[in-house]
Amino acid sequence: MAEKVERVLKGIAASPGIAIGAATILGDTLSTLDIREKNIGPSLVASEIEKLEKALEETRNQILKLKKGMKASLKNEAAIFDAHLLIVDDQVLIKEVKDQINNGKSADFSFYSIIKRYISAIAGMPDPYIRERAVDIKDVASRVLSNLTGVQKRSLSNITGQRIIFAHDLTPSDTAEIDSENLQAFVVKAGSRTSHTAILARSMKIPAIVGVQEDLLTIVKDEDLVIVDGFTGSLIINPTAETQKIYAVKEEKNEKYYADLIKESTLRPETIDGFCIQLAANIEHQEDVKEAIKYGAAGVGLFRTEYMYLNQDKLPDEEKQYNVYREITANLNNQPMIVRTLDVGGDKLSKILSVPHEPNPFLGLRAIRLCLATPELIKTQMRAILRASAYGDIKIMFPMITCAEELDQLLELLETCKEELKAKKLPLNEDIETGIMIETPSAALIANTLAAKVDFFSIGTNDLVQYTMAVDRSNERVAYLYQPSHPAILSLIQQVVKAARDNRIWVSVCGEMASDPRYTPILVGMGVHELSMGPVSLGIIRRIIRRIKMHEAEKIAEYAINCRTAAEALEISETFLNDIAPDIIDITTGGL
Ligand code: PEP
Ligand code: MG
C-alpha cells in the first residue's frame, strides 16, 4: 500500500489546544457529498435503475421507522415525516431521474443533479413557507444519496470513543449536542473565530479550526491520523513520526503552561500601579460555573441563556429557569452574575421558537426584537430572573439594543413583572441592577442617552464588529474584514466608555475581544472596568493585567485609536505585549 503523505491545511484558529487522533467525517449535509458526473454504458442502465429503486425503498423504511419512534408527545412534529415520504414517492421526480439514467448517467449523479435543481428552485421562491420546504428536501435527498453511495450520515449524539470531527459546518445546537468526553477536536470548513460554534468550542476547551478554505472534506478521509493545532489554525493530515513528536512536545508544554496559570487564579487582576480590572466569566450552561470558579472568575459577566432554548422539546418555563439561576448564584459565593435575556436568532436558531425563515437572520427578528414581538416569552424569563435575584447578586441585561424605545419597553415589562411577583407575595430584589449590551453601532452612538436609564453597559464586540464592519461574523470568506482594532471600532468603544463615565455607570467588555491578549492593553488603557470571557482565557488575561502600568496602557490606547488601519493599531499593541509578556505571545501563537 502506498505510504500516506503528510499534508498541511490552514484555517482559522478557533479554540486553542492541540489534538492528535483519528478523523471522523460527518457527511451530514447534501453539500458535503462529493458526487461527480459519471457516464454509464447501456448495459448498466437496468442495474443503476434497480440501485435507485432500492435506495428509495430503504429511505422509505428509514423514514417510517423514525416516525414510529417519535414520542407520543411529539405527534404533531411526526407529521414532518409524512411530508418526507411524499418526497420519496414523488413520481415526477423519480421519472426525471430515471430518464437521465436512461440517457447514460449514473444513478447517484442523476438523482443528485436533479434534486439540486429542485432545491435551488424552491429556495428561490418568494413565499417563505415554500422556501422552508427546501430543508426537508435536502434532508430526504441526503438520506437517498447515503443509501445510494454507502456514505453514511452520522449523528453527533451517537459518536463514541475519542474522535476528531470534520464537517462542512456545525451549528451551535449541533455543538451543544456533542458529548464533550468523546470529542477531541473539530475542524469545519465554514465559520470564523466569533461564530457561536467557535465560542462554544473555547468554553468546552476543545481545540478547533474553522474556515478551512480548501476542499477539506474530500482531502481528509475517515480514520486518517490528523493533528489539530488550535493555536495556529494548522491541520496536519497524515503527519510523519517526526511531526507527531514535535506536536507531542508542544502539547505537553501547553498543558504545563495552563496548569501554572491556574495556580495564579487567586491573584488580584490589578495593574502594577494598582488599578483593578474585574475579571468575570462568560458561561453558556449551568455546569460551566465550575470552570469559572476554577479559573478565578469574579462572578459571571455574561450568561448566554439562549442555550436553555436550543436542543429542547419545549420552552423552559419560569420554574425551571428560576431553579437554574438560583442554583448558579448559590454556587457563586456572593459574587455577581449577569443574566442576559434570550438572544436567539442569527446563527443560534431554536427549533421550538418558530421564527420564520429570514433572508438575513443577523439583521432580523433576533434577541429582544423577538421578545418584544412575543412579550410573554421575555416576561417568563424576567420573572424567573427577578425571583432568583432574592437569593444572590443577580443582574439582568438586554442584548441587541438599537434604540431608546426598545429599552423603554423592556424596562416597562420589567416593572410589570415586579408588580406581578409582588402581588403573589414572592420574594425578589426590586432594585435589581439592569444593564444593556452595546453591540450595535446605533447603541454605541446614543450611549449617552441609554446610560441615563441603566446601571451598566457591556460591550458585545462580537456583534459590534459584525454590524459596524458589515461583515457576517460567521462567514469565513470575509473573515479578513473582521477587524476589532479598526479605528471605527476603537472610537465607538472609547465613546461608550466616556458615556458610561459621564453618567457614573460601569462598563464591561464581554465579546471575544476581551479574551484576546492582543487587545488587553488597549481595553485596559481605555478605562473599561470589567473584562468577561470564556473561563479558560482568564489566566492569560490576569497575567497581562498584572504586568501593565496604567499610564502606559493609556498611551497605547491613544496611539491605537489614532491609527489609520486596524493592522497598525494591532501592531502597536502587540509590540507592547511582546515587551511585557513574551511568554504569552508564544503560547497564543503556538510558537512554544
Ligand atoms: C457579543 O456580541 O459580543 C456577545 C458577547 O454576544 P454573543 O457573542 O452571544 O452574540
Ligand atoms: Mg452579541
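Count residues from 1 along the sequence. Whatever order the structure lists ligands and atoms in, that order sets their numbers, starting from 1. Just so it is clear, the values below take in all heavy atoms, side chains as well, and ignore hydrogens, waters and symmetry mates.
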Original post:
Based purely on interatomic distance, does Glu512 place a nitrogen or oxygen under 3.5 Å from a nitrogen or oxygen of ligand 1?
Top reply: no
**OP:** Please confirm whether His196 comes within less than 3.5 Å of ligand 1 when only nitrogen or oxygen atoms on both sides are compared.
**Re:** yes
Within the 4.0 Å heavy-atom shell around [X], which atoms of ligand 1 are there?
| X | value |
| --- | --- |
| Asp463 | 1 (C), 2 (O), 3 (O), 10 (O) |
| Arg366 | 10 (O) |
| Gly460 | 1 (C), 2 (O), 3 (O) |
| Met437 | 4 (C), 5 (C), 6 (O) |
| Leu302 | 5 (C) |

Original post:
Is the NZ or CZ atom of Arg543 both under 6.0 Å from the centre of the six-membered ring of Tyr257 and within 45° of that ring's axis?
Top reply: yes
Subject >> atom 9 (O) of ligand 1 [closest protein heavy-atom partner, distance rounded to 0.1 Å] >> reply: Arg304 NE, 2.7 Å
Ligand 1-proximal atoms of [X], by part, heavy-atom distance under 4.0 Å:
| X | answer |
| --- | --- |
| Leu464 | neither |
| Arg473 | side chain |
| Arg340 | side chain |

Do the charged groups of [X] and [Y] touch, with an N to O distance under 4.0 Å?
| X | Y | result |
| --- | --- | --- |
| Asp347 | Arg473 | no |
| Glu376 | Arg383 | yes |
| Glu476 | Lys189 | no |

Subject >> Atom of Asp463 nearest the Mg ion (ligand 2) (restricted to N/O/S, atom name only) >> reply: OD2
Original post:
Which of these, Cys510, Ser532, Gly345, has its nearest heavy atom closest to atom 5 (C) of ligand 1?
Top reply: Cys510
Original post:
So do the side chains of Met400 and Met437 get within less than 4.5 Å of each other, counting heavy atoms only?
Top reply: no
**OP:** Would you mind reporting whether Glu512 and Met533 have side-chain heavy atoms less than 4.5 Å apart?
**Re:** no
**OP:** Would you list the pairs meeting side-chain hydrogen bond (donor to acceptor under 3.5 Å, both in side chains) in which at least one residue belongs to residues 566-577, sequence neighbours left out?
**Re:** none
**OP:** Would you check if the Mg ion (ligand 2) lies under 2.8 Å from any N, O or S atom of Glu439?
**Re:** yes
Subject >> Evaluation steps, salt bridge (charged side-chain N to carboxylate O under 4.0 Å, His left out), between Asp463 and Arg366 >> reply: CA-CA 12 Å; Asp463 280 311; Arg366 179 181 171 187; 2.9 Å; yes
Subject >> Verdict with reasoning, Glu284 to Ser203, per side chain to side chain donor-acceptor pair (under 3.5 Å) >> reply: CA-CA 8 Å; Glu284 281 81 33; Ser203 104; 2.7 Å; yes
